[in-house]
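For reference, the structure discussed in these notes is given below.
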Amino acid sequence: MDSFVFLGFGVDAWITIVTVLGMFTILLFTKWRSDLVFLGAIGVLYVTGVLDAKDAFSGFSGTSVVTVGVLFVVVAGLTHTGVLQWIVKNLLGTPKSYSKAVTRLMLPVAALSSFLSNTTVVTLFVGIVKMWAKKLGVSPSKLLIPLSYASGMGGVCTLIGTPPNLIISGLYEEKTGEAMNILTTTVPGLFCLVVGVLSVIAMRRLLPDRKAPESAFESTGDYTVGLQVPSDNPYIGQTLGEAGLFNISGGSLIKMYHFDNIPMPVAEDEPIMGGDHLIYAGQIDEILEMANEHQLATDYGHVFSVHEIDKDRPLRTAYVNFGSKLIGKSISSTSLEKDNGVVVAAVSRNGGRLEEAPRKVVLQAGDTLLLVCPKNFKTETSPLTKDLHFFDSDDVPNIGHGTLISTIIMIAMVALSALGIMPLLQCAFLAAAAMLICRCCNMDQAMRAINWEILMVFAGSAVLGLAIQKTGIAEWMANGILDVCGTNPLVVMTAVCLVGTFITEFISNTAAGAMFFPIMYDAAEKLGYEPFPFLVALMVSVSSSFATPIGSPTHMLVYGPGGYRFSDFMRIGLLMNIIILAANIFIVNIVYPLTPLQ
C-alpha cells in the first residue's frame with residue numbers, strides 16, 4: 001500500500017486530494033455547516049492515517065487560532081462600549097460629490113477593518129450607509145459594494161485584520177521560527193487600498209443603480225403585506241368597497257383568500273368574511289396604520305380578535321443569508337414562525353413587489369423579511385441568525401467613559417505588538433482581560449462574541465495546509481508552476497497569487513491562505529529566494545475577492561440591502577481583481593525586495 005504510486009502521488013496524497021475536493025464541493029453545492037465539513041475532513045485524514053493525532057488536531061492549539069478566539073473578546077469590548085458607533089457618527093458628514101462620498105466611506109471602514117472583524121464593521125455600517133445614501137440622493141447600491149470592498153482591503157493592512165494574515169504568519173513562524181510584525185502588510189495594504197478607492201471612483205458607472213429594500217421603519221412601496229380579518233371584526237358582512245379596504249391610501253389590494261384558502265376576485269363588491277386573508281402591496285407604514293384602524297391582524301393562522309395580537313411586539317428587518325435552509329421554501333412550508341414566535345408580515349425582493357402572500361413566497365438569497373417579533377426578542381441570541389441576518393438590532397450601546405477605556409486598550413495592544421515588546425498572542429490576552437476587568441463587556445457578551453464556527457474553519461484550514469505539504473502535493477504543485485512559469489520569481493509570484501485570487505471567490509479566504517501557503521513557500525525555496533515577500537503577496541491576494549457575492553461574508557451582508565443581482569459583483573469585481581493583483585505584485589516587490597537564500 002505504501003509503495004502504491006499513481007500519476008506521481010502515493011495513497012496518502014490521493015486521499016488528501018479527494019478529501020479537499022470533496023470538502024470544497026460540499027461547501028459550494030450544499031448548505032451544510034462549514035465547521036462540520038472541515039471537522040469531517042480532519043476526521044478523514046486522521047482515520048485514514050494521512051495525519052497522526054498530533055498533526056490532525058494541531059490546528060486547534062495553533063497560536064493563530066487561539067489569537068483569533070481571544071480577539072473576538074477584544075472586539076466585543078469595543079462594540080459594547082460604542083466605539084464603532086462613535087466613529088461612524090463623526091466621520092461620514094455630507095460630501096458634495098460621489099467621489100468624496102466614496103472616499104469618506106471607504107477610508108474609515110478600511111481603518112476599522114484593519115483591527116476589527118470585517119463582518120462586524122460592515123454590519124454596523126449597512127443601515128447607516130442606506131440612510132446616508134438617501135440623504136445624499138444616491139442609490140445605496142452605489143455605496144454598499146464599495147463598503148464591502150473597503151472592509152476587505154482594510155483587513156489586509158494588519159496581521160489581525162483578516163484570518164488569512166494570521167494563519168499565513170503563524171505557519172511562517174512555525175516554519176522559520178521568526179514572527180512577523182503586526183504591521184508587516186500595512187504599506188502594501190494601504191497602497192492597494194488607495195488604488196482600490198481610485199478604481200471604484202473611476203469605474204463607478206459599472207456599479208448598479210438598484211432600488212434597494214428599505215428598512216422596516218421607513219416608508220416603501222415595495223413590500224407585500226398579509227393581513228387577516230378576525231372573527232369579531234365589525235366590517236364582516238360588508239363589501240371591500242363599503243369597508244374602505246379596496247381603495248386604500250399608500251397601497252393596493254392585490255389578492256384575497258376566504259377561509260377555505262381559495263383565491264377570490266379582487267373586486268369592490270366582494271363580501272368580507274371572518275378569517276379572510278387580504279394581501280396588500282404599497283407603503284408599509286400606511287398599510288399597517290390602515291390595518292390598525294380597521295382592526296385587521298397580522299396574517300398568521302386564525303385570529304379571533306385583533307386584541308390577541310400584542311401591540312408591543314417589535315418589528316425587525318432581516319435578510320435571507322446565502323446558504324440559508326429557507327432558500328427555495330415558503331414560510332408556510334416551514335415551522336420558522338411557530339418555533340421562534342415570530343410572524344412574517346411582509347416580503348420584498350430586489351426592490352420589487354411580490355404579487356403573492358408573504359408566507360407563500362418561495363424565498364431567495366437576499367430577500368427582505370419584515371418580522372413581527374416577541375416583546376423581548378433579542379437578535380443576538382435568536383436561532384434565526386443561522387438563516388437570517390438582522391440589521392435593526394435592539395442592542396444599542398451607550399457611549400461614555402467605557403468608550404475611551406476600550407479605545408486605549410485597543411491602541412495599547414497594537415502598539416505593544418508592533419514595537420516588538422511582546423508577542424501578539426500575549427498582547428491579545430492582556431487586552432481581553434482588560435476589557436473584562438474594566439467592564440467594557442461582561443462574561444456573557446464575551447462568550448457570545450466568540451464565533452466558534454469561524455474558529456473551527458480556521459483550525460481545519462491549518463490542518464489541510466499541513467496535509468497538502470506533508471503528502472508532497474505542495475511540492476508537486478510548486479514544481480508544476482515552475483515548469484509552466486519558468487524561473488522568473490515575479491512570474492511565479494503572480495501566477496500563484498492569480499490562482500489564489502480566483503480560488504478565494506469560491507471558498508473561504510482562510511482555507512485559500514492555508515492551502516496556498518505551502519505551495520508558495522516551496523515555490524520560493526525552489527527558486528532560491530526567501531519566501532517572506534512571496535507570502536506577503538499571498539496574504540493580499542487571498543483576501544482580494546471582489547467578483548462574486550459568495551467570495552466574502554461581507555459581500556453577502558450587502559447583497560440583500562443593496563438589492564443586488566449576482567452579476568452586479570462580476571461587472572466591477574473582475575476588473576478590481578486584476579487591478580489589485582497588479583498593485584499587489586508591484587508594491588510588495590518595492591517594500592520587500594526579493595532576496596536570494598543564504
Side-chain angles (χ1 to χ4, degrees), residues 62-72 74-75 78 110-118 152-194 407-432 434 458 462 465 493 497 500 509-510 513-514 516-517 520-521 524-525 529-544 583-595 597-598:
T63 57
S64 55
V65 177
V66 178
T67 302
V68 172
V70 177
L71 285 174
F72 279 128
V74 178
V75 171
L78 292 168
L112 288 173
S113 297
S114 296
F115 303 102
L116 307 176
S117 160
N118 299 355
M153 289 186 284
V156 174
C157 293
T158 65
L159 290 190
I160 64 174
T162 187
N165 285 8
L166 274 171
I167 200 165
I168 291 173
S169 62
L171 293 172
Y172 177 77
E173 184 175 0
E174 290 177 14
K175 271 276 193 179
T176 65
E178 298 177 7
M180 290 186 179
N181 190 286
I182 191 175
L183 302 179
T184 295
T185 55
T186 299
V187 175
L190 288 175
F191 180 81
C192 291
L193 172 63
V194 172
T407 302
I408 293 173
I409 293 172
M410 181 67 184
I411 293 173
M413 183 190 77
V414 174
L416 288 173
S417 178
L419 295 174
I421 297 174
M422 63 175 60
L424 174 58
L425 180 55
Q426 292 182 12
C427 295
F429 267 115
L430 288 176
F458 204 11
M493 181 188 292
C497 287
N509 56 3
T510 304
F516 278 90
F517 170 84
M520 184 69 98
Y521 193 96
E525 283 198 327
Y529 288 91
E530 290 286 351
F532 187 89
F534 291 79
L535 296 176
V536 174
L538 180 63
M539 288 180 181
V540 178
S541 64
V542 295
S543 293
S544 300
N584 174 26
I585 301 301
F586 171 78
I587 190 63
V588 166
N589 282 276
I590 289 179
V591 178
Y592 301 110
L594 298 178
T595 306
L597 285 169
Q598 299 297 325

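If you're wondering where the values come from, they're calculated on a predicted model, not measured in any experiment.
Within the 4.5 Å cutoff, no side-chain heavy atoms of L430 are placed close to those of M413. E525 is listed as a side-chain neighbour of P531, based on a closest heavy-atom distance under 4.5 Å.
Under the ring-ring contact (aromatic ring centres under 6.0 Å, His included) criterion, F516 pairs with no residue, sequence neighbours left out. For A110, the side-chain contact (heavy atoms from CB on, under 4.5 Å) partners are L193, not counting sequence neighbours. In this structure, the ring-ring contact (aromatic ring centres under 6.0 Å, His included) partners of F191, at least two apart in sequence or on a different chain, are F586. Applying the side-chain contact (heavy atoms from CB on, under 4.5 Å) test to C157 and every residue at least two apart in sequence or in another chain returns S114, L190. Applying the ring-ring contact (aromatic ring centres under 6.0 Å, His included) test to Y172 and every residue at least two apart in sequence or in another chain returns F532. The side-chain contact (heavy atoms from CB on, under 4.5 Å) check on S417 picks up I182, L424, C427, with sequence neighbours excluded.
In this structure, M539 CE and N584 CG are separated by 11.5 Å, a value rounded to the nearest 0.5 Å. Summarising the geometry, atom CG belonging to L535 is positioned 5.5 Å from atom CZ belonging to F517; distances are rounded to the nearest 0.5 Å. Rounding to the nearest 0.5 Å gives a distance of 11.5 Å between OG1 of T162 and CD1 of I160. If you take CG on L594 and CE on M493, they are separated by 5.0 Å, rounding to the nearest 0.5 Å. The line from OG1 of T185 to CG of L183 is 8.0 Å long, rounded to the nearest 0.5 Å. Once rounded to the nearest 0.5 Å, the distance linking SG of C497 with CD1 of I585 reads 4.0 Å.
Contact detail for V536 and P188: the closest heavy-atom pair is CG1-CG, 4.2 Å. What you find for A431 and V74 is that their closest heavy atoms are CB-CG2, 3.8 Å. Considering every non-hydrogen atom in both L159 and N181, the closest pair reads CD1-O, 3.1 Å. Scanning both residues, C192 and V540, for their nearest heavy atoms gives SG-CG1, 4.1 Å. Minimum interatomic distance between I409 and A434 (heavy atoms only, all atoms of both residues): CD1-CB, 3.6 Å. When all heavy atoms are compared, the tightest approach of S543 to V156 is CB-CG2, 3.6 Å.
For the pairing with Y521, the side-chain contact (heavy atoms from CB on, under 4.5 Å) check across I168, L171, T176 returns one residue only, T176.
Put simply, the side chain of T158 gets close to the backbone of G161: a donor and an acceptor are under 3.5 Å apart. Between the side chain of Y592 and the backbone N or O of T184, at least one donor-acceptor pair lies under 3.5 Å.
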